[in-house]
Amino acid sequence: MIKAPVLHQTHLLIPHEEPLPSSSLSPSPSPSSTSLHGIECKTREQECLPPLLQRCKCMEEFKQVHAQVLKLGFEANTRCAGGLVAACALSDWGSMSYACSIFEQIDEPDAFAYNSMMRGHVKDCEPEEAILLYNKMQHRGIQPDNYTFPSLLKACSYVSALQEGMQIHGHVFKYGFGDDLFVQNSLINLYGKCGDMKLCCGVFDQMDHTSVASWSALISSHARLGLWGECLRLFEDMNCEGWRPDESTLVSVLSSCAHLGALHVGRCVHNFLLRNMKELNVIVQTSLVDMYVKCGAVKNGLTLFHQMARKNLFSYSVMISGLALHGLAREALRIFSDMLEEGFEPDDVIYVGVLSACSHAGLLDEGHRYFDMMRNEHRIEPTIQHYGCMVDLMGRAGRLDDAHELIRRMPMKPNSIVWRCLLSASKVCQNIESAEVASRELFKLDPHNASDYVLLSNLYAECQRWEDAAKTRTKMVNRGLNQVPGFSLVEVKKKVHKFVSQDKTHPESEAIYEMIHQMEWQLRFEGYRPDTSQVLLDVDEEEKKLRLRAHSQKLATALALIHTCQGSTIRIVTNLRMCNDCHIYTKLISMIFERTIVVRDRNHFHHFTNGTCSCRDYW
DNA sequence: TTAGGGTTAG
């Protein structure tokens with residue numbers, strides 16, 4: 001019998017903390033070995049291989065173990081090769097092409113080898129390969145097990161393969177894994193990613209036992225689809241049922257808070273995190289910054305951002321675009337410069353934030369400088385989004401001709417977003433000619449967006465071209481489009497209150513209208529006259545004034561004034577672009593009632609203090 | 001008798 005080589009004698013470069021067994025690897029079976037001896041060798045081999053593979057830290061070390069297996073002639077052995085495939089396909093240092101070559105040598109690959117290969121493909125973002133492999137597995141008559149389905153379903157979710165996913169759901173029942181928690185969670189995730197919320201919730205509702213991952217999959221599915229209110233409701237249910245959310249759940253919740261402007265819930269989540277987590281990872285911290293910024297608490301966001309021990313490109317991006325959204329361009333550019341000093345290489349998304357900061361604040365020269373820097377220093381080809389920012393920047397700065405010229409010179413065909421930027425800039429500059437060119441192109445590319453017609457019609461109205469304003473409105477109505485109903489949300493006494501225009505459904509409605517009356521009375525002393533030019537109704541002037549005074553944003557402001565004291569901050573989220581009248585009205589209210597009023601409209605944040613707005617009247 | 005689900009931010 002050939003003496004078994006001891007591991008270090010075979011130059012295996014595996015760092016080991018414990019001494020390895022003296023017979024770590026069996027010798028190559030000689031042709032004269034008895035079958036009994038062969039079986040013995042294989043058994044010993046099987047015992048020794050897993051710990052050796054576990055200790056591999058790089059491909060080089062793995063190849064040495066593989067070489068030993070080849071030397072022993074075990075490459076076709078289901079169990080040995082299966083272990084090699086798993087290690088090579090799933091480790092960070094592994095290689096799928098190498099794993100494939102081992103897999104192909106196996107005489108009779110079992111479910112374990114297939115599962116490992118499928119998972120490896122999913123890990124390497126090759127979901128189609130994983131699905132094809134499952135087909136092969138089926139053709140070879142190999143029974144899938146409970147480990148097969150999670151990665152297979154994940155592969156389907158990557159490519160939103162709903163039909164295939166549903167077929168596989170059938171297989172889950174066929175093979176008897178309908179009650180497996182991991183499989184069920186994977187199904188929730190699959191249906192959520194495919195946007196089929198009925199099936200997604202159906203799987204969850206039918207589960208006898210759930211886990212934090214089940215809730216997390218359900219909650220993130222809702223958040224991903226923009227069902228933020230439902231996401232927060234489910235989060236409440238999860239808490240009521242006694243589940244303790246983890247970081248991944250809370251990131252989805254924070255993202256919903258950010259979209260809804262639900263600062264109070266966001267703050268509760270922050271508190272929970274501080275009380276329950278030892279330290280917060282960079283994703284959670286970035287989500288918190290994003291939540292604070294998007295809920296209008298930009299100072300809190302900035303403080304948290306500066307406290308972050310580790311930042312990545314996402315963190316910088318959230319902060320830069322967040323500051324831009326608040327019109328704090330100088331601060332945004334300072335953070336960008338810090339980022340460069342820290343050695344981060346900016347990408348195209350960062351530059352969208354930088355350019356939009358310049359555009360929000362009318363920094364024309366800086367905008368041009370960063371646009372050049374992006375191309376020349378950082379070798380980033382401008383995308384249509386960057387051109388959109390530049391059009392916005394030039395247009396708002398009054399350079400509409402230059403903006404038109406840039407659109408003509410763009411290397412790609414301008415899309416509706418670019419034309420919408422130009423239309424909006426033309427509105428700011430009150431340039432009807434430019435607005436007509438932009439809207440003509442815009443209505444060709446995207447004729448179903450009611451707010452574009454409203455914008456053009458408002459511009460005509462501002463310029464007293466009533467007939468054209470009416471024509472634009474008729475065109476909108478004829479195309480079956482309705483103006484999206486406006487609403488405003490305001491958080492008062494830890495509760496979010498929603499108002500629509502002319503709302504009288506609030507329990508405190510009487511007091512709210514009394515407050516409106518008082519507000520108007522004081523506003524008149526400051527010279528306020530209602531600006532009815534944007535009221536798109538065939539009614540007389542008095543009726544227009546009545547409509548205007550009960551815009552949702554004013555009702556929300558009135559409720560907040562009733563319940564807050566001088567010096568406090570009122571936060572309002574509104575779904576449409578703020579009308580001119582609400583803008584001037586809120587500026588004066590901030591001064592008369594000594595409140596900071598932060599309004600997030602469809603595009604920007606407006607910080608009203610002492611009679612001025614952070615947008616400097618460009619929005 | 002080796003492995004699995006929720007990973008979330010611009």
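- In the set B:dT2, B:dA9, B:dG5, B:dA9 carries the atom at the smallest distance from any side-chain atom of A:Thr286.
- Side-chain contact, A:His386 with A:Thr383: a donor N or O sits under 3.5 Å from an acceptor N or O.
- Nucleic acid contact class of A:Asn189 (heavy atoms, under 4.0 Å, all strands): sugar-phosphate only.
- If you check B:dG10, B:dG5, B:dT2 against the side chain of A:Asp110, the one that comes closest is B:dT2.
- Residue A:Leu181 is classed as a base contact, given a heavy-atom separation below 4.0 Å to a base.
- As judged by a 4.0 angstrom heavy-atom cut-off over every strand, A:Ile350 is placed among the base-contacting residues.
- Looking at heavy-atom distances under 4.0 Å, A:Lys193 makes contact with sugar-phosphate atoms alone, never a base.
- Between A:Lys294 and B:dG10 there is a side-chain N or O to OP1 or OP2 distance below 4.0 Å.
- When heavy atoms are screened at a 4.0 angstrom cut-off, A:Asp348 is found touching no nucleic acid atom at all.
- In this structure, the NZ atom of A:Lys311 is 15 Å from the C1' atom of B:dA9, given to the nearest Å.
- Taking 3.5 Å as the limit, the base of B:dG5 and the side chain of A:Asp180 contain no donor-acceptor pair of atoms between them.
- Per the geometry, CZ belonging to A:Phe149 stands 20 Å off P belonging to B:dA3, to the nearest Å.
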Could you tabulate the donor-acceptor pairs under 3.5 Å formed by side-chain atoms of residues 345-357 of chain A, not counting sequence neighbours?
| unit_1 | atom_1 | unit_2 | atom_2 | d |
| --- | --- | --- | --- | --- |
| A:Asp347 | OD1 | A:Val349 | N | 3.2 |
| A:Asp347 | OD1 | A:Ile350 | N | 3.0 |
| A:Tyr351 | OH | A:His378 | ND1 | 2.8 |
| A:Ser356 | OG | A:Val352 | O | 3.3 |
| A:Ser356 | OG | A:Gly353 | O | 3.1 |

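- Using a 4.0 Å heavy-atom cutoff across all strands shown, A:Ser151 reaches no nucleic acid atom at all.
- Looking at the side chain of A:Ser220, the nearest of the listed nucleotides B:dG10, B:dT8, B:dT7 is B:dT7.
- Computed from coordinates, the A:Phe204 CZ to B:dG5 P distance equals 19 Å when rounded to whole Å.
- In this structure, the CE atom of A:Met117 is 16 Å from the C1' atom of B:dT2, given to the nearest Å.
- Across all strands shown, A:Ser287 has heavy atoms under 4.0 Å from sugar-phosphate atoms exclusively, and none from any base.
- For a distance-only test at 3.5 Å, the side chain of A:Asp290 fails to qualify as a donor-acceptor partner of the base of B:dA9.
- Comparing B:dG5, B:dG10, B:dA3 by their closest approach to the side chain of A:Asp145 singles out B:dA3.
- Nucleic acid contact class of A:Ser211 (heavy atoms, under 4.0 Å, all strands): base.
- Rounded to an integer number of Å, the gap from A:His169 NE2 to B:dG5 P is 18 Å.
- The separation between A:Tyr147 atom OH and B:dA3 atom C1' is 6 Å, rounded to whole Å.
- Residue contacts shown for A:Gln285 are absent, as no nucleic acid heavy atom lies under 4.0 Å away.
- Spacing between atom CG of A:Asp246 and atom P of B:dG5 amounts to 14 Å, rounded to whole angstrom units.
- Per the geometry, CG belonging to A:Leu52 stands 17 Å off P belonging to B:dT2, to the nearest Å.
- Ring-plane geometry between A:His169 and A:Phe173 is classed as parallel, the angle between the planes falling under 30 degrees on a 0 to 90 degree scale with a further cut at 60.
- Among the protein residues, A:Ser252 comes within range of no part of the nucleic acid, since none of its heavy atoms lies under 4.0 Å from any strand.
- Per the stacking criterion (ring centres < 5.5 Å, plane angle < 30°), A:Phe112 does not stack onto the base of B:dT1.
- In this structure the side chain of A:Asn300 never reaches within 4.5 angstrom of the side chain of A:Cys295, judged on heavy atoms.
- Comparing B:dG10, B:dT2, B:dG6 against the side chain of A:Ser248 picks out B:dG6 as the nearest.
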Problem set entry | Derivation and outcome, side-chain hydrogen bond (donor to acceptor under 3.5 Å, both in side chains), residues A:Ser252 and A:Arg224 | CA-CA 8 Å; A:Ser252 300; A:Arg224 216 180 292 119; over 6 Å; no

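- The residue A:Val349 sits close to a base: some heavy atom pair falls under 4.0 Å.
- Aromatic ring orientation, A:His326 versus A:His607: tilted (interplanar angle from 30° to 60°).
- Distances were taken from every side-chain heavy atom of A:Ser216 (C-beta onward) to each of B:dG10, B:dG6, B:dG5; the shortest belongs to B:dG6.
- Stacking between A:Phe314 and the base of B:dG10 is absent under the criterion of ring centres within 5.5 Å and planes under 30 degrees.
- Using a 4.0 Å heavy-atom cutoff across all strands shown, A:Val212 reaches at least one base atom of the nucleic acid.
- Between A:Arg224 and B:dT7 there is a side-chain polar atom (N or O) within less than 4.0 angstrom of OP1 or OP2.
- Nucleic acid contact class of A:Lys123 (heavy atoms, under 4.0 Å, all strands): none.
- The side chain to side chain donor-acceptor pair (under 3.5 Å) contacts involving residues 122-133 of chain A comprise A:His121-A:Glu126, where partners must be two or more places apart or lie in separate chains.
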